Amino acid sequence: MTTPLFLLRCVQIGISIRDLDLVTAGMVNDMFSEMHRDEEKFDYVATQADFDRF
């Protein structure tokens, strides 16, 4: 990952330059991945019966 891409990801998830002392590059990548997973729409929501079968 290049520095400009890293800084773009920080801006996209709302991390300020001041906050970069508190996070690692890996944490930024994880937060960016989770942000995109949270935006996904799922066609099927598991029921209690699904969990029981699991």
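Position 1 is the first residue of the sequence, and the numbers go up from there. Bear in mind that the values here come from a model prediction, so they are computed numbers and not experimental data.
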Which donor-acceptor pairs under 3.5 Å do side chains of residues 47-54 form with protein atoms, sequence neighbours excluded?
| unit_1 | atom_1 | unit_2 | atom_2 | d |
| --- | --- | --- | --- | --- |
| T47 | OG1 | A49 | N | 3.4 |
| T47 | OG1 | D50 | N | 3.4 |
| T47 | OG1 | D50 | OD2 | 3.2 |
| Q48 | NE2 | D52 | OD1 | 2.9 |
| D50 | OD1 | Y44 | OH | 3.2 |
| D50 | OD1 | R53 | NH2 | 2.2 |
| D50 | OD2 | Y44 | OH | 2.4 |
| D50 | OD2 | T47 | N | 2.9 |

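- Identified under the ring-ring contact (aromatic ring centres under 6.0 Å, His included) test for residues 14-35, with sequence neighbours left out: F32-H36.
- For residues 25-35, every residue pair satisfying the side-chain hydrogen bond (donor to acceptor under 3.5 Å, both in side chains) rule, not counting sequence neighbours, is listed here: E34-R37.
- Distance check: M31 CE to I13 CD1 gives 4.5 Å after rounding to the nearest 0.5 Å.
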Less than 3.5 Å apart, which donor and acceptor atoms pair up between the side chains of residues 1-11 and the rest of the protein, not counting sequence neighbours?
| unit_1 | atom_1 | unit_2 | atom_2 | d |
| --- | --- | --- | --- | --- |
| T2 | OG1 | L5 | N | 3.3 |
| R9 | NH1 | Q12 | OE1 | 3.0 |

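- The stretch residues 16-28 participates, sequence neighbours left out, in these side-chain hydrogen bond (donor to acceptor under 3.5 Å, both in side chains) pairs: S16-D19.
- The hydrophobic cluster containing L22, built from Ile/Leu/Val/Met/Phe/Trp/Tyr side-chain heavy atoms closer than 4.5 Å, comprises no other residue.
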